[in-house]
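Below: one structure, written as C-alpha cells.
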Amino acid sequence: MSDLDTFIQLPLTIDPQSKAISATSSSRALEAELEALNNLHRSLRTLDAPHVIPPPPIPVNPKRSANVSKLRESGNAEYRKQKYAEAIKFYTLGLQMALTRPAWEPTQLVREEVHQLYSNRAQAHMHLQNWPEASADAEMSVEAKRQGNAKAWFRRGKCLVEMGRLEEARDWVGKGLEVEGEEKELMELLKEIESKMAAVKVAEA
Amino acid sequence: MFSLDWWGLVLPLCYVVVLGGTFMTFSTIYRKRKAMESANLAPWFPPHLQRNIYLSLLHMEPEGGSEKAPKVPESVVRAALLRRAVEDIHRIIQIRTAKAACSSLLQRGSVGDDLWQRFQRAEKEMEEELRDVVMEANALAPNWGQTIFQSANEILANATLKERLDEIQAQTEKEKEWWEKRRTSIKTEFMKELGDDTEKVTSGDEPVLVDTNTPSATPSATPSGASKKKKGKK
C-alpha cells in the first residue's frame, strides 16, 4: 500500500500565458499524455461560463445533434439530385461535426450519427465508382455500429466485388451474415460472389 | 520435599529450549521471507503516469529565479484529474476482464500463487485509487465525484472509437494507391485485348483500319462500324 501515498515528481513546467503544461525531460509517453491533457484542458475551457466541470453525459446539448442531422439532410438532398460530389462534401462536414463533439458526450450518440453519415457517404462514393473510399467508409460505418447496419455490410461487400477481391468479399459478407442474421440483400450478394468465384475457377482451369 | 533432583531436570529443560528455539527461528525466517516476497512482487500495472502528473501539478516546485512556486490554474488541475480518471477506467476494465481468466487459471493450477497475489493487490490498490479520485473531485467542484467517472468512461469510449476509425482511414490511402495501380493494369490489359481484336480484324482487310481510325469524322460512322463487325465475323 505504500505506493498509494507516494508519487513520482515529474519535471513539469507551465506556460504562464497559454497555461499549457510541458515537461523538461522528454519521454514519448509523457509527451503524448501531456498533449492529451492540454487538449482536454482546452476543450474544458470552451464550457459555458457557470460550468467548470464537464456535465454528466446525459442530457446532451441538442445544438450539435441538430447541426449534424441538418448536414446529413442537405447531403441526402444533393444525393437525390444525383450531385454525388456535393453530397460527399456535406456528409464530410457532418462527420467532422459529429467527430469533434466534446469527448465527454455519450459515445452511443456519436456512433449513431457517424454510422449513418459514413454509410451514406459510402453510397455516394459508390455512385462515383470510388471503390476504395466507399469500402473504407462502409467499414468505418460497421465499426461504429455493428448490428442493425446491414446496408454498410452490403456496401463494403459490393465494393470488394467491384475491385475484384472476391475472397475478401466472401469473408466480409459471411461475417455480415453472422452479425445480421439472414439478411436478404447480403444472401443475394453472397450467392453472386460465389458464382463469380466459380466462374473465375472455371476460367483458370 | 525441596530436594529436587536439578541434574535430572537438565535434559528435559534442554529439550524444551531447543524445541522452542527451533520453532521461533523457523517462524521468524519464514515470515520474513514471505514479507520480502510479497514486497518484491512486480506491480500489476506500470506506473500511473496520469496520477503522477496530477500530483506533480499540485506540488509544483519554485523555479530557479522566483521564490514562489508557479500557480497552476484550477482548470488545469481539473483536466489532469479527469485524465487520471480516464486512465483509472481503463485499468478497471483491464482488471475486470482479467479477473475471470485469472481465477480459472489459478483453479486449474496453470499459474502460480504469486500472480494471484499480484492481482489481488492491484485490485485493492484500484479501489483506493478510485476513492481518492472521488475525494479529489469533490474537493475541486461540488458533487463532481458523482459524475467524474461517467464522463471519464465516455471520454475513453470516444477515444477508442476514434482510434479505430483513424486506423481504417489510414489504410484507405494505401488501398487507393493499390486500386489506382490495379485499375491501370486492368485498363492496359483491356486495351491490349482490344488491340489484339483490331489487329485480328485489320489483318484480314486493309481499308477497315482507315475506317476505325476515323469513326466519328465521317457521318457514315455507324455503317463503317457495322461493316467492321461483319468483317470480324468472317
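Here is how names work: the chains are called A, B, and so on, in the same order as the sequence lines, proteins then strands, and each is numbered from 1. Since the model is a prediction, treat every value here as computed from it, not as a measurement.
In terms of heavy-atom pairs under 4.5 angstrom with chain A, the leader among B:Arg83, B:Glu173, B:Glu175 is B:Arg83. Top candidate by heavy-atom pairs under 4.5 Å with chain A, chosen from B:Leu165, B:Thr172, B:Leu82, is B:Leu165.
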For B:Tyr54 and B:Glu136: C-alpha separation, side-chain torsions, deciding distance, then whether side chain to side chain donor-acceptor pair (under 3.5 Å) applies. CA-CA 11 Å; B:Tyr54 175 76; B:Glu136 298 275 333; 2.5 Å; yes
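Residues of residues 83-100 of chain A lying within less than 4.5 angstrom of chain B, judged on heavy atoms, are A:Leu99 in numerical order.
Residue contact with chain A, scored on non-hydrogen atoms closer than 4.5 Å, involves the backbone and the side chain of B:Trp144 alike. Proximity to chain A involves both the backbone and the side chain of B:Lys176, based on heavy atoms less than 4.5 angstrom apart. Proximity to chain B (any heavy atom under 4.5 Å) is shown, for A:Ser43, by neither the backbone nor the side chain. Using a 4.5 Å cut-off between heavy atoms, A:Arg165 contacts chain B through its side chain alone, with no backbone atom that close.
Ion pairing between A:Lys191 and A:Glu194 fails under the 4.0 Å rule for side-chain N and carboxylate O. Salt bridge status for B:Glu189 with B:Lys192: absent, with no side-chain N to carboxylate O gap under 4.0 Å.
Distance OH/A:Tyr118 to CZ/A:Arg111: 12.0 Å, rounded to 0.5 Å. Distance CD/B:Glu127 to CD/B:Glu129: 12.0 Å, rounded to 0.5 Å. In this structure, the separation between CD1 on B:Ile53 and CG on A:Leu34 is 4.5 Å, given to the nearest 0.5 Å.
Residue A:Ser119 forms a side chain to side chain donor-acceptor pair (under 3.5 Å) with just one option from A:Arg155, A:Lys151, A:Lys145, and that option is A:Arg155.
Formation of a donor-acceptor pair under 3.5 Å by the A:Trp153 side chain with backbone atoms of A:Arg146 is found in this model.
There is a side-chain donor-acceptor pair under 3.5 Å between A:Ser65 and A:Arg101.
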